[in-house]
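Along the sequence shown, residues are numbered consecutively beginning with 1.
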Amino acid sequence: MNILILGGGGREHALAWAVLQNPKCDKLIVAPGNAGIARIAECADIDILDGGAVAEFAQENAVDFIIIGPEAPLAAGVADRLREAGLLVFGPSQAAARLEASKSFTKEICDAAGAPTAAYARFTDVAPAKDYIRQQGAPIVVKADGLAAGKGVIVAMTEAEALEAIDDMFGGEFGAAGAEVVIEEFMEGEEASFFVLCDGETALPIGTAQDHKRVGEGDEGPNTGGMGAYSPAPVLSDAIAERAMAEIIRPTLAEMAKRGTPYEGVLYAGFMIKDGQARLVEYNCRFGDPECQVLMMRLGGQALDLMQAAAEHRLAEARVNWADDHAMTVVMAAEGYPGSYRKGTQIRGLDALPETAAQMCFHAGTRAAEGKVLANGGRVLNLTARGATLAEARDRAYAMADTLDWPEGFLRRDIGWRILG
Ligand code: AMP
Ligand code: GLY
């Protein structure tokens, strides 16, 4: 089977690594890829937001299966263009990707499906939005409706902060994404992520994870795309997961199917968990990054069979073979991230790292030049490891980080603190 993966971050490196464990994979191309991906697969420089260009490339290269990593091509309708061209695709249609691309759409679906989530109201004008905030009081959560690269959510602990967020959003800080604003009840509890494969009808859970969104140790400092993650997430117990499947995930899929826009691909549900119940914080229409890295490390080569079963509408007959293991990924980022940071600093010591089924360094933002590997993004490396316990996975991940020579990089030392202390 010839496989094409779209994307070029740590998530796509992990997907590529897992796909290559499966003997079914004859040839793997990743577009655009990065320096780490280039070590294991062919990289192609195509515009992954251009569905026509991707379809043409896939046909010219006899690609049998396309896995779409990031949300941008999904929201742009690339999966639709590929399906129209008769290609087999893993990833939702543009209409189904609205579960991530529009927060008010997700709220509407939750209402129709009866799925537990925060109470909310939506606004397109400043004055009524501010009145609502004054009525409700703080804490309260203000969200730009559209995709804002993870920055469109303000969890306001004071009324003043919430009012300021309204000015910023309607003032155009998030461009078109902020033309509509969703204001939500602040939910208390512990967050965890739930990953479910969907084929339009059947939903198959493939794992849980917890992310560390703040840049600093002790969960201090500004939000990032994620500084580390582990799987499984003990707070999302089997009982809570089963209840969430019944109350949130299956009703969502049924509602999407009823509307003629069935959801196919991976549904990433962010939950707030309290008193044995999950409520939905958000949906994403793709794997989390860096959560994908720990999921792929635990699933290995079967990930390809599962994604293929989803794309071919055969999930009802698919099974996940679970190992009783744990995985952790630690993100190394460029000094300054999530603010401004330098690109082009050299990372040494990568060649000496182990590359096994239990330890892998996935590249998130790197570029090769003159035989060197250079940092080429904010989040740069994902030191990912598996173990019989989370402590073992953590020790293996940090052991890799400690052998690297990259003075301009930094990491959090406390990934997994909720469990490991
Ligand atoms: P989102 O982009 O919707 O995932 O929001 C980003 C982060 O904001 C989430 O991971 C939560 O930590 C927080 N958040 C979003 N909505 C709420 C809410 N209604 N109550 C409490 N925290 C929230
Ligand atoms: N790590 C959070 C995300 O992928 O959205």
- Does the side chain of P338 come within less than 4.5 Å of N223's, by heavy atoms? no
- Taking only residues two or more places apart in sequence or in another chain, which ones pass ring pair (Phe, Tyr, Trp, His ring centres under 6.0 Å) with F194? F271
- Would you indicate whether the side-chain heavy atoms of L4 and F65 approach each other to under 4.5 Å? no
- Is there a donor-acceptor pair closer than 3.5 Å between any side-chain N or O of Q94 and the backbone N or O of A75? yes
- Who pairs with F123 by ring pair (Phe, Tyr, Trp, His ring centres under 6.0 Å), at least two apart in sequence or on another chain? Y132
- Note on the structure: With sequence neighbours left out, the residues meeting ring pair (Phe, Tyr, Trp, His ring centres under 6.0 Å) with Y337 are none
- Exam field: side chain N34 to backbone G8, donor-acceptor pair closer than 3.5 Å: yes
- Message: Within this structure, what is the CG-CG distance for the pair L299 and L306, rounded to the nearest 0.5 Å?
- Response: 6.5 Å
- Message: Between R386 (side chain only) and A357 (backbone N and O only), is there a donor and an acceptor less than 3.5 Å apart?
- Response: yes
Identify all side-chain donor-acceptor contacts of residues 11-18 below 3.5 Å with residues at least two apart in sequence or on another chain.
unit_1: R11; atom_1: NH1; unit_2: F287; atom_2: O; d: 2.8
unit_1: E12; atom_1: OE1; unit_2: G9; atom_2: N; d: 2.8
unit_1: H13; atom_1: ND1; unit_2: H363; atom_2: N; d: 2.8

- Message: Which residue in the set T403, L350, T384 passes side-chain contact (heavy atoms from CB on, under 4.5 Å) when paired with C361?
- Response: L350
- Query: Going by atom types only, do N376 and T366 share a side-chain donor-acceptor pair under 3.5 Å?
  - Reply: no
- Pairs satisfying ring-ring contact (aromatic ring centres under 6.0 Å, His included), at least one member in residues 220-248, at least two apart: H212-Y230
- Item | More than 12 heavy atoms from other groups under 6.0 Å of CG on D238 | no
- Determine whether more than 12 heavy atoms belonging to other residues, nucleotides or ligands lie under 6.0 Å from atom CG of D45. no
- Query: Between R412 and D219, does a salt bridge (Lys or Arg N to Asp or Glu O under 4.0 Å) hold up when you go through it step by step?
  - Reply: CA-CA 9 Å; R412 272 181 67 164; D219 288 337; 2.8 Å; yes
- Message: Determine whether a donor-acceptor pair (N or O, by modelled atom type, separation under 3.5 Å) exists between the side chain of D145 and the backbone of K103.
- Response: yes
- Message: Go through it in stages, so that I can follow the logic: the residues are E190 and Q210, the test is side chain to side chain donor-acceptor pair (under 3.5 Å), and I'd like the CA-CA distance, side-chain angles, deciding distance and then a yes or no.
- Response: CA-CA 10 Å; E190 187 171 337; Q210 266 177 312; 2.8 Å; yes
- Query: Would you call L280 and T106 a side-chain contact if the rule is heavy atoms closer than 4.5 Å?
  - Reply: yes
- Does any non-hydrogen side-chain atom of E242 lie less than 4.5 Å from one of I240? no
- Query: Quick one: are F362 and L381 in side-chain contact, heavy atoms under 4.5 Å?
  - Reply: no
- Message: For the CZ atom of F57 and the CD atom of E60, what is their distance to the nearest 0.5 Å?
- Response: 8.0 Å
- Message: Closer than 3.5 angstrom, by distance alone: can the side chain of N22 be matched with the main-chain N or O of G301 as a donor-acceptor pair?
- Response: yes
- Answer whether the closest heavy-atom distance between the side chains of I67 and L6 falls below 4.5 Å. no
- Task: Return each pair, listed once, that meets salt bridge (Lys or Arg N to Asp or Glu O under 4.0 Å) where at least one residue sits in residues 208-217; pairs must be two or more places apart or across chains.
- Result: none
- Query: Under the salt bridge (Lys or Arg N to Asp or Glu O under 4.0 Å) rule, what pairs show up with a residue in residues 245-254, not counting sequence neighbours?
  - Reply: R243-E247
- Do any N or O atoms from the side chain of K107 and from the backbone of A118 form a donor-acceptor pair under 3.5 angstrom? yes
- Go through the structure and list residues passing side-chain contact (heavy atoms from CB on, under 4.5 Å) with D111, not counting sequence neighbours. Y120
- With sequence neighbours left out, which residue pairs that include part of residues 279-295 fulfil the side chain to side chain donor-acceptor pair (under 3.5 Å) condition? E71-R286, E100-R286, E185-R279, T252-Y283, Y268-E291, E282-N284, N284-R286, D289-Q293, Q293-N382
- D414 side, atom CG; E220 side, atom CD - distance, nearest 0.5 Å: 10.0 Å
- Task: May I ask you to test the T261-R98 pair for a side-chain heavy-atom distance under 4.5 Å?
- Result: no
- Can you tell me which residue pairs pass the salt bridge (Lys or Arg N to Asp or Glu O under 4.0 Å) test with a partner in residues 364-381, sequence neighbours excluded? none
- Message: Working to the nearest 0.5 angstrom, can you tell me the gap between S231 OG and L295 CG?
- Response: 5.0 Å
- Item | Evaluation steps, side-chain contact (heavy atoms from CB on, under 4.5 Å), between D80 and V78 | CA-CA 5 Å; D80 306 67; V78 169; over 6 Å; no
- Task: Using side-chain hydrogen bond (donor to acceptor under 3.5 Å, both in side chains) as the criterion, list what pairs up with Q308, not counting sequence neighbours.
- Result: K24, E312
- Query: What pairs meet the ring-ring contact (aromatic ring centres under 6.0 Å, His included) rule with one or both residues in residues 75-99, with sequence neighbours excluded?
  - Reply: none
